[in-house]
Structures are given as C-alpha cells and as structure tokens.
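Quantities reported herein were computed from a predicted structural model and do not represent experimental measurements. In each ligand, atom 1 is the first atom listed, and ligand 1 is the first ligand listed.
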Amino acid sequence: MLNTLQIKDVFVKINKTILLEDVNLSLQKGDLNIIIGPNGAGKSTLLKAIVKILDIQKGDILLNNKSFKEQNINEVSSQIAYMAQSNEKSNLNVIDVLELSRRKYSGFILSKTDYILIENIIKEFGLEKFLNKNIDMLSGGERQKVFLAAAIIQEPKVLILDEPISHLDPKNQIEMLDIIKRKTKEENFICITVLHDLQNALHYGNKIIMLKNKKIINFQKSEDINSQMLSSLYDIPCKLFWEDGHPFLFLGHQHSNTKTYQHSHKK
Ligand SMILES: Nc1ncnc2c1ncn2[C@@H]1O[C@H](COP(=O)(O)OP(=O)(O)OP(=O)(O)O)[C@@H](O)[C@H]1O
Ligand SMILES: [Mg+2]
C-alpha cells in the first residue's frame, strides 16, 4: 500500500529473551501515532527495530511497499529520522548538531536551502541563545528541543520520537507537541512517538498504539479510547472523560464521593 508504513508479524529476540511478538501495524501519512504502555513493555524496542538498530528475526517492515530487509541501515535512515529516549554525550555545539542532520543528505557542503531550513527551525524552537553552546552543557529539556529540531529538519518520510518531551516543562511540552502535530500534517509524514503522559497522548495523537508485555493489545483512534482500555493497559483504576475535545483522566485510587461522569467523546 502507498503512503503507509507496514509492520508485519514482527518478532524480536535478543539472546534467549523475546522482546516483541506478533507486532502488526499499518500507519498512514499525516497521522501522529502515539505509543503508550508500561515500562519494559517493548516500546523503545519496537522503535529500534523500525530504524534497524535492532534486527528482527521474523516478519517484515515496509515503507510504501518497499521492505526494509532489502535496505541497509543508511538507506533506512535516509527516510526515517529517529530521536532516541536518552541521547548519548557528544562534544558538539548546538549549531553543529543542526548542521549535521542536513549533512546526512547534502554532504559536507550545505546548500542555501539547508541554511534557510536551519535558520527557520532555530526561530521556531527558540534556539538562538544556545547555538554556540556545547550540547552537554544544556539542561535536559533544552537538549531535547535541540534533538527534536534536528530530527524534524531531516525532512523524513517517517519521524520516530522516543519520549521526546520527558524533560520539558508544561509550556514547552505543549509547544513541542503542537509543532510535532502541525509538522506531521503539513509535511505529511508518518510520526510515531512514545509518551507516558496519557492526557497529552490522547489530546494530540490521531491514533493510539497500546503496547503491553511485548505485544500490541490495541490500536485505535484516540477518541475511541475508553477507561477500561487504559485500566487494563496499566492494571490500575482509570477514569477518562472528554470535555470540549479535551481528555480528563484520573488514575489510581478512587474517592468514595467520585462523581460518575458520562462517557463523552473527543469533538
Ligand atoms: N539489548 C537488550 N538485551 C536484552 N534485553 C533488552 C535489551 N534491550 C531491552 N531489553 C529488555 O526488553 C524489555 C523492553 O525494553 P524497552 O526498552 O523496549 O521498554 P520500554 O517499553 O521502552 O520501557 P520504558 O517505558 O521504561 O522506556 C525490557 O524488559 C528490557 O529490559
Ligand atoms: Mg523506552
């Protein structure tokens, strides 16, 4: 199928440990797909399998009908931008990180278009004051913004982000999620993002992928997610209701005077 990333019967094993089994997904261009699920479920493993950092033992991954099996890691990474859960230390300045992510396509000498792209993303992400700072000298949140900007200017067909807002304050979280959602639509790529923040996941995601114990247990439009699905994903009580297109979520213990909310849908 065109315009899709297809993940077919993917099975991943390292040494004797099975990390993923029977993973099937068909993801469409322009959709922000958010993976949620408990720690250790296999979320990062799935992202690493898609970008070929990890080998898959069974199954296949295809972008626009072309199997990744026939492509090496460089060919795959020319189509996919990936931001890891935690970034390794590096000795680079912020501007170097941004330029590097264009060099992957343009070679050592960057074009005028590359510099325009870099200039625009610097403004969009408010990175002006960090440009000549070493990446290791930034705060965790500042670093996340730089790596997110670097992933987006690669102009990928698939953007893969592993917990991209985990170190950001609430204002930066919604600013980054707004950018991710808008770029996914405007540039019409496929975005796959892991988030632990369920409120944001439901609010921003077009589709929600629930991963538990090595398997996908649910793949739905975010507005079709209900309390039971989240309760059984995390094995905790959960109450979810929607108001004016915003999800409201209570996790954990219930109060004896809890109001019973009508289940309403995302508008
Ligand atoms: N290289 C590896 N070798 C063996 N086991 C691994 C390897 N990498 C991860 N695992 C195990 O696979 C399981 C899934 O790990 P993964 O990193 O995919 O979880 P996750 O869903 O991303 O969790 P978190 O929410 O904590 O980031 C874990 O139990 C982990 O210990
Ligand atoms: Mg992870």
Side-chain angles (χ1 to χ4, degrees), residues 5 7-25 27 32-61 68 73 76-77 80-90 140-141 143-148 150-151 156 158-168 170 172-173 176-177 180 190-205 207-220 222 225 229-236 238 240 247 249 251-252:
L5 179 74
I7 299 169
K8 288 188 172 171
D9 298 319
V10 161
F11 176 92
V12 174
K13 191 161 117 174
I14 297 185
N15 301 322
K16 289 196 168 138
T17 315
I18 295 171
L19 303 190
L20 285 176
E21 41 186 347
D22 304 326
V23 175
N24 283 287
L25 282 170
L27 307 177
L32 172 51
N33 301 277
I34 300 190
I35 307 183
I36 59 173
N39 293 130
K43 303 180 296 298
S44 298
T45 303
L46 175 58
L47 301 188
K48 288 178 196 162
I50 297 172
V51 293
K52 268 196 156 202
I53 293 175
L54 279 179
D55 287 336
I56 62 174
Q57 279 71 45
K58 285 187 223 162
D60 201 1
I61 298 173
F68 285 179
I73 191 161
V76 169
S77 68
I80 300 186
Y82 166 64
M83 176 178 166
Q85 188 166 349
S86 49
N87 289 292
E88 282 170 24
K89 295 238 165 221
S90 75
R143 201 159 34 239
Q144 267 188 332
K145 284 177 78 168
V146 173
F147 283 114
L148 183 57
V158 184
L159 177 67
I160 295 193
L161 308 167
D162 200 346
E163 300 194 29
I165 58 163
S166 56
H167 294 289
L168 299 179
N172 273 308
Q173 286 193 6
M176 291 304 111
L177 287 170
I180 293 167
I190 297 166
C191 186
I192 313 171
T193 300
V194 174
L195 289 185
H196 280 299
D197 180 334
L198 299 180
Q199 197 114 332
N200 278 329
L202 292 168
H203 191 209
Y204 284 91
K207 307 252 176 75
I208 302 291
I209 300 163
M210 295 191 187
L211 192 56
K212 184 179 188 181
N213 198 16
K214 314 171 182 70
K215 289 186 176 177
I216 292 188
I217 60 162
N218 210 320
F219 176 46
Q220 302 259 354
S222 55
I225 301 296
M229 292 171 191
L230 294 173
S231 287
S232 58
L233 179 62
Y234 293 103
D235 298 311
I236 51 170
C238 169
L240 166 69
L249 196 64
L251 297 169

(message) Is the shortest side-chain heavy-atom distance between L177 and L32 below 4.5 Å?
(response) no
(request) Taking atom 31 (O) of ligand 1 as the reference point, report whether a protein heavy atom occurs under 4.0 Å from it. (result) no
(request) List every atom of ligand 1 that sits less than 4.0 Å from any heavy atom of E163, numbering the atoms from 1 in the order shown and giving each element. (result) 25 (O), 27 (O)
(request) Keeping the roles fixed (side chain from S231, backbone from I236), state whether a donor-acceptor pair exists under 3.5 Å. (result) yes
(request) Say whether, by atom type as modelled, one donor and one acceptor occur between the side chain of Y82 and the main chain of L161 under 3.5 angstrom. (result) no
(request) Look at the N, O or S atoms of N39, main chain and side chain alike, and state whether any lies under 2.8 Å from the Mg ion (ligand 2). (result) no
(request) To the nearest 0.5 Å, tell me how far D9 CG sits from D60 CG. (result) 9.5 Å
(request) For the residue pair H196 and S166, establish whether any side-chain heavy-atom pair is separated by less than 4.5 Å. (result) no
(message) Quick one, I56 and F68 - any side-chain contact, counting heavy atoms below 4.5 Å?
(response) no
(request) Mark yes or no for whether D162, through its side chain, and M83, through its backbone, hold a donor-acceptor pair below 3.5 Å. (result) no
(message) Whether the side chain of K43 engages the backbone of E163 through a donor-acceptor N/O pair (distance < 3.5 Å, no angle test) should be reported.
(response) no
(message) Between T45 and the Mg ion (ligand 2), is there a contact where an N/O/S atom of the residue lies under 2.8 Å from the metal?
(response) no
(request) Identify, for atom 17 (O) of ligand 1, the protein heavy atom at the shortest distance, and state residue, atom and that distance. (result) S44 CB, 3.6 Å
(message) Just to confirm my output: which protein heavy-atom neighbour is closest to atom 25 (O) of ligand 1, and how far is it?
(response) K43 NZ, 2.7 Å
(message) I'd like to check which ligand 1 atoms, numbered from 1 as shown, lie under 4.0 Å from a non-hydrogen atom of P38.
(response) 21 (O)
(request) If you have a sec, read the angle at the Mg ion (ligand 2) from Q85 atom OE1 over to S44 atom OG, to 10 degrees. (result) 80°
(request) Check each atom of ligand 1 against the heavy atoms of Q85 and keep those under 4.0 Å away; list them by number with element. (result) 27 (O)
(message) Can a donor-acceptor pair be found, under 3.5 Å and without considering hydrogens, that links the side chain of K52 to the backbone of V76?
(response) no
(message) For atom 26 (O) of ligand 1, what's the nearest protein heavy-atom neighbour? Residue, atom name and distance, please.
(response) N39 ND2, 3.0 Å
(request) Give the residue and atom name of whichever protein heavy atom lies nearest to atom 2 (C) of ligand 1, and the separation in Å to one decimal. (result) I14 CD1, 3.6 Å
(message) Within the 4.0 Å heavy-atom shell around T45, which atoms of ligand 1 are there?
(response) 14 (C), 15 (O), 16 (P), 18 (O)
(request) Answer with yes or no whether H196 contacts ligand 1, where contact means a heavy atom under 4.0 Å from a ligand atom. (result) yes
(message) Suppose we measure from atom 8 (N) of ligand 1 to each protein heavy atom; which comes out shortest, and what is that distance?
(response) L19 CD1, 4.2 Å
(message) With the threshold set at under 4.0 angstrom, would you say G42 reaches ligand 1 through any of its heavy atoms?
(response) yes
(request) With rounding to the nearest 0.5 Å, note down the distance linking CD1 in I208 to CG in L230. (result) 8.5 Å
(message) So, 4.0 Å and heavy atoms of K214: is ligand 1 close enough to count as a contact?
(response) no
(request) For D197 and Q199, indicate whether the former's side chain and the latter's backbone hold a donor-acceptor pair under 3.5 Å. (result) yes
(request) Distance to 0.1 Å, residue and atom name: give those for the protein heavy atom nearest to atom 29 (O) of ligand 1. (result) G40 O, 3.9 Å
